[in-house]
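Accompanying notes for the structure given below.
Convention: sequence-line order gives letters A, B, ...; per-chain numbering from 1.
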Amino acid sequence: MPELPEVETIVRGLRPRLEGRTLSRVIVRRPDLRIPFPENFSRRLEGRTVTRLDRRAKYIVARLSGGTALIVHLGMSGQWVIHDGRPAEPPGPHDHVEFTLDDGTTLVYRDVRRFGLMTLALQADLAEHPLLRDLGPEPLGNAFNGPSLSAALRGRRTPIKAALLDQHTVAGLGNIYVCEALFRAGISPRRAAASVAGRRAERLAPAIKGILNEAIEAGGSTLRDYVQASGELGYFQHRFAVYGREGESCAGCDCGGAIQRIVQSGRSTFFCSRRQR
DNA sequence: ACGAGAACCTGTTTGC
DNA sequence: TGCAAACAGGTTCTCG
């Protein structure tokens, strides 16, 4: 479900409710999500205080007292539901984990498709953790820019669409924002990644930053089941230029083209073949 | 090594 | 109306 702007919005919503709070009780209702829960998951968390909540790519990382870190990925359908007090019983069929805080609030992790994951690590090992160590640069950071994107694309024959979905190239983009960024940069999703290195990468990097910043400002995009931790809906979906707009006329310019939908490596791509070359 | 496609899972929408 | 196929914001494994 969520891409970088949605995860960032969720982290910003959770941070003030979690940082400084102690996990008084952790209930896990099944053995696994995408991967098994670690041994003694609840016991290793209960009694710990959350010292810091961060986002890395589409991962949420909570640092806890005692040197442990909780790593969470929301997959396609993961969401956090905040209850001021105990949630209603019985839990919903997709409410897999329940964190009760020392202020009495409860955070429920709900994930219909179970593509999400939760695992534990030592804070000291986070940079070398297998889930995190190979991720590309944060697109909103200074290390990501035209030259660095160009270098990452050089020599790659895969379509630029696939290269941007690859979290090694740049971390945090998903299907929606890749489509939107390529539209904004005027680059065809079918173009070989290597041919974007150079001048086109100089357009693409700022397009990616712009789209992501605007989406964060709008609280992310709500299509199906994404909600902020507070339960509010994002509204960036109203600003999509191409995503989900197959057949509509290309907006924002007078090229006269229509938005097309094609499938690339099994996923829908939306683009305007007149404007994007 | 690299890229395409399948697999993981459930719910909703689309099409015959 | 009913059922089956297609589709959904992600990641990872296998196969060629």
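- In this structure, Asp111(A) atom CG and dA8(C) atom P are separated by 18 Å, rounded to whole Å.
- For His73(A) and dG10(C), the shortest distance from a side-chain N or O to OP1 or OP2 is not below 4.0 Å.
- Comparing the same atom, P, in dG11(B) and in dT1(C) gives a spacing of 24 Å after rounding to whole Å.
- His238(A) contributes no side-chain N or O that, together with a main-chain N or O of Phe236(A), makes up a donor-acceptor pair within less than 3.5 Å.
- For Glu138(A) and Arg55(A), the salt-bridge test passes: some basic side-chain N is under 4.0 Å from an acidic carboxylate O.
- Backbone-only contact: Gln167(A) has heavy atoms under 4.0 Å from sugar-phosphate atoms and none from a base.
- Between dG10(C), dC7(C), dA4(B), one nucleotide has an atom nearer to the side chain of Arg261(A) than all others, and that is dC7(C).
- The base of dA8(C) sits with one of its N or O atoms less than 3.5 Å from a complementary donor or acceptor on the side chain of Arg113(A).
- Of the candidates dG3(B), dT12(C), dG10(C), the closest approach to any side-chain atom of Arg156(A) belongs to dG3(B).
- When the P atom of dT12(C) is taken as reference, atom CG of Leu135(A) falls 9 Å away, rounded to whole Å.
- Annotation: dC3(C) and dC9(B) have their P atoms spaced 25 Å apart (nearest Å).
- Residues of residues 186-196 of chain A having a heavy atom closer than 4.0 Å to DNA chain B: none are found.
- Residue contacts for Leu131(A): at a heavy-atom cut-off of 4.0 Å it reaches the sugar-phosphate backbone alone, with no base atom in range.
- Closest of all the heavy-atom pairs between Gln167(A) and Ala57(A) is OE1-CB, 4.5 Å.
- Checked against dT10(B), dC7(C), dA4(B), the side chain of Arg114(A) finds its nearest nucleotide in dT10(B).
- Partners of Ser195(A) by side chain to side chain donor-acceptor pair (under 3.5 Å), not counting sequence neighbours, listed by chain and number: Arg191(A).
- Atom CD in Gln79(A) sits about 16 Å away from atom C1' in dC9(B), given to the nearest Å.
- Nucleotide dT10(B) holds its P atom 15 Å from the CG atom of Asp95(A), rounded to whole Å.
- Here the separation of dA5(C) from dA6(B), taken at their P atoms, is 15 Å to the nearest Å.
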Item to complete: If a protein heavy atom is under 4.0 Å from the base, mark B; if only from the sugar-phosphate, S; if neither, -; do that for nucleotides 11-16 of chain B going 5' to 3'.
Response: S-----
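- What separates CG of Asp166(A) from P of dG5(B) is a distance of 16 Å, to the nearest Å.
- With sequence neighbours excluded, the residues forming a side chain to side chain donor-acceptor pair (under 3.5 Å) with Thr169(A) are Arg156(A), listed by chain and number.
- In this structure, the side chain of Glu8(A) does not engage the main chain of Ile216(A) through any donor-acceptor pair within 3.5 Å.
- Between the CG atom of Leu165(A) and the P atom of dG10(C) there is a distance of 7 Å, given to the nearest Å.
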Item to complete: Fill in the dot-bracket string of DNA chain C, one character per base: . for unpaired, | for a pair to another strand, ( ) or [ ] for pairs within the strand, taking Watson-Crick or G-U pairs under 3.5 Å.
Response: .|||||||.|||||||
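- Pairing each heavy atom of Glu46(A) with each of Ser24(A), the nearest pair is CG-O, 4.0 Å.
- In this structure, the side chain of Thr106(A) engages the main chain of Gly85(A) through a donor-acceptor pair within 3.5 Å.
- Within the 4.0 angstrom heavy-atom criterion, no nucleotide atom of any strand lies near Gly266(A).
- We find that Glu98(A) and Arg25(A) are not joined by a salt bridge, their nearest charged nitrogen and carboxylate oxygen being 4.0 Å or further apart.
- Phosphate proximity of dC7(C) to Ser268(A): absent, as no side-chain N or O sits under 4.0 Å from OP1 or OP2.
- At least one donor-acceptor pair closer than 3.5 Å links the side chain of Glu6(A) to the backbone N or O of Ser221(A).
- Judged purely by atom type and a 3.5 angstrom limit, Ser148(A) uses its side chain to pair as donor or acceptor with the backbone of Ala143(A).
- Put simply, Phe115(A) does not rest on the base of dC9(B): the two rings are not both less than 5.5 Å apart at their centres and under 30° in tilt.
- In terms of phosphate contacts, Arg267(A) brings a side-chain nitrogen or oxygen within less than 4.0 Å of OP1 or OP2 of dG10(C).
- Cation-pi geometry between Arg245(A) and Phe240(A) is not satisfied (NZ or CZ under 6.0 Å from the ring centre, within 45° of the ring normal).
- The distance between atom CD of Gln264(A) and atom P of dA4(B), rounded to the nearest whole Å, is 9 Å.
- As rounded to whole Å, 12 Å separates atom P of dC13(C) from atom CG of Asp134(A).
- With sequence neighbours excluded, the residues satisfying side chain to side chain donor-acceptor pair (under 3.5 Å) with Thr49(A) are Thr22(A).
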